[in-house]
Amino acid sequence: MDILLGIRTQNEVLLITSRSLARGISVLKSDDVKVLECNKHTALAFSGEPGDTTNFVEFIRANVRLYGFQNKQELTTHAVASYARKELATSLRSRKPYQVNILVAGHNGTPELHWIDYLGTNVTLPYAAHGYASYYVLSTLDRWWTETLTLEEGLELARKCIDELEKRMPIDFKGCNIHVVDQNGVRLHE
Amino acid sequence: MSNRYDSRTTIFSPEGRLYQVEYAMEAISHAGTALGILAKDGIVLAAEKKVSSKLLEQETSAEKMYVLSKNIICVVAGIDSDASTLVETARKMALQHFATYDEEIPVEVLVKRICNVMQGYTQFGGLRPYGVSFIFAGWDSSQGFQLYQSNPSGNYTGWLATSVGANTTSAQTLLKQEYKPDSTLEEACDQAMLIMSKTMDSSALTSTKLEFATIKASSDGAEYNVYKPKDIEPLIEKVKSTTQ
């Protein structure tokens, strides 16, 4: 039920994630952050089985950092996405697979966005969404996304998507965090 | 010759030396000369083939040049059989990296991993160290063209131009004289051939006694070229004409 949305603009990638953390019929938290800084220029947004999610993204982050320390050079966003996909694909054939869907956003000279699901599908996309939210926002994104969006226009498009979700989705997701990944790294947008 | 401290690889002598490792390096200094030169648009590797007989099949030539991955090649000095198992390990490492990250392995990462394997045999007992020195030439997107040399102790160093094997001292001297920082790959090839002609023991330079390989810039990064004997001939002719 979590919202996971990514929009690639001309110079950055926006990650829009819902703030609510719900379990069963209760909302446990309304300031949840579903984005993790993997290395300086790469962020992971995640949803899925609670527990599996944090476990998996922290595992990926730890190995990405280890690679950076051992080899004196950081993995690119493309490499992080490929590595995360590989781990999910391996896990899928194990006794208890990780039930985690992620978006990998990064900036290595150019912004890039990868959509990866628990089955180990990895696609590079201009905009992407996971879960139920995708049914509501993809049409909006299809209509308004262009290759040359500025940050302001991107944020406006994000606003359109959130408005649509608030209007149509039958649950209260307690608003959204917007993270911006650009050449300066990962930051939470106010 | 031998004494109490050289029977096992992992025991220091009272002077703090590891004799087996030093003997391994000694073995390498008898191998055919190999050298590498870093140019601004590529790298050239050259090597002398020691064994040559009229009866030896020349077409299945390369015995010292190995392709490790799309972006890395190497030349070997030392025990060939030791080298071939290490080359197999290196190829597996490179492909493992490619399979996991969907990117070619950075040159130094591969060199470091191979050297870690070699270092292991200088510390964990019962086995002899690898009697091999490599010169690695490669390209990656973050560091560009790189030239490294490794030795049996597991150390590696980065170079602009380097050599190993027999006559390495004279080759090094010539490299210092001939090396130009801004030379193109073509010029570096000529330099390499010239130095090989001066350092090799045999009087006449022939393609049966030489191995040659280059790695150079291409549209999608780097491309390697391991020369066939007939491709080496023109280079030899060129050196002959300039030295006369």
Side-chain angles (χ1 to χ4, degrees), chain A residues 38-44 56-57 59-94 98 102-117 119-125 183, chain B residues 38 43 68-72 74 86 89-120 123 134 136-150 154-159 215 217 219-222:
Chain A
C38 199
N39 60 22
K40 179 120 197 323
H41 52 256
T42 309
L44 299 175
F56 179 74
V57 290
F59 170 71
I60 295 296
R61 179 179 64 177
N63 278 306
V64 168
R65 297 259 169 106
L66 178 64
Y67 185 100
F69 292 137
Q70 281 183 330
N71 302 315
K72 293 185 278 180
Q73 51 183 297
E74 289 293 336
L75 286 173
T76 60
T77 304
H78 180 85
V80 172
S82 305
Y83 170 59
R85 190 213 76 84
K86 174 120 178 160
E87 288 296 339
L88 284 169
T90 311
S91 158
L92 187 68
R93 305 297 179 191
S94 72
Y98 283 115
I102 58 172
L103 294 176
V104 183
H107 194 291
N108 300 80
T110 53
E112 60 184 89
L113 175 66
H114 298 260
W115 181 95
I116 303 172
D117 71 3
L119 296 166
T121 318
N122 178 6
V123 260
T124 314
L125 292 170
Q183 57 190 358
Chain B
L38 183 73
I43 304 172
L68 301 182
S69 70
K70 223 178 118 187
N71 59 328
I72 306 171
C74 74
L86 277 170
T89 313
R91 285 174 177 166
K92 277 183 187 158
M93 285 172 176
L95 280 173
Q96 189 72 252
H97 190 283
F98 185 70
T100 306
Y101 301 105
D102 194 27
E103 281 176 8
E104 294 295 344
I105 193 166
V107 187
E108 192 177 354
V109 174
L110 182 66
V111 172
K112 185 182 274 182
R113 287 190 192 166
I114 288 297
C115 285
N116 281 345
V117 173
M118 288 201 265
Q119 189 279 338
Q123 185 172 180
F134 286 104
F136 296 96
W139 180 90
D140 60 57
S141 55
S142 61
Q143 306 274 88
F145 288 105
Q146 295 150 76
L147 184 65
Y148 294 97
Q149 186 187 137
S150 74
N155 281 320
Y156 70 90
T157 36
W159 296 89
I215 186 159
S219 53
D220 62 336

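By convention in this document, chain letters (A, B, ...) are assigned in the order of the sequence lines, proteins followed by strands, and residues within each chain are numbered from 1.
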Could you please show the donor-acceptor pairs under 3.5 angstrom between chain A and chain B, with distances rounded to 0.1 Å?
unit_1	atom_1	unit_2	atom_2	d
Y67(A)	OH	H97(B)	NE2	2.8
Q70(A)	O	K112(B)	NZ	2.8
Q73(A)	OE1	S142(B)	OG	2.7
T76(A)	OG1	E103(B)	OE1	3.2
T76(A)	OG1	E103(B)	OE2	2.4
H78(A)	NE2	D102(B)	OD2	2.7
S82(A)	OG	Y101(B)	O	3.4
Y83(A)	N	T100(B)	O	3.3

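- Here the straight-line distance linking atom CD1 of I60(A) with atom CD1 of I102(A) works out to 6.5 Å at 0.5 Å rounding.
- In terms of heavy-atom proximity, I43(B) sits nearest to A137(B) at CG2-CB, 3.5 Å.
- In plain terms, the two heavy atoms of A90(B) and L110(B) that are nearest each other are O-CD1, 3.6 Å.
- The shortest non-hydrogen separation linking A84(A) to I116(A) is CB-CD1, 4.4 Å.
- Residue I215(B) comes nearest to A222(B) through the heavy atom pair CG1-CB, 4.0 Å, listed as atom of the first residue, atom of the second, then distance.
- In terms of the side chain to side chain contact (heavy atoms under 4.5 Å, CB included) criterion, residue partners of V123(A) (sequence neighbours excluded) are, by chain and number, W115(A), L125(A).
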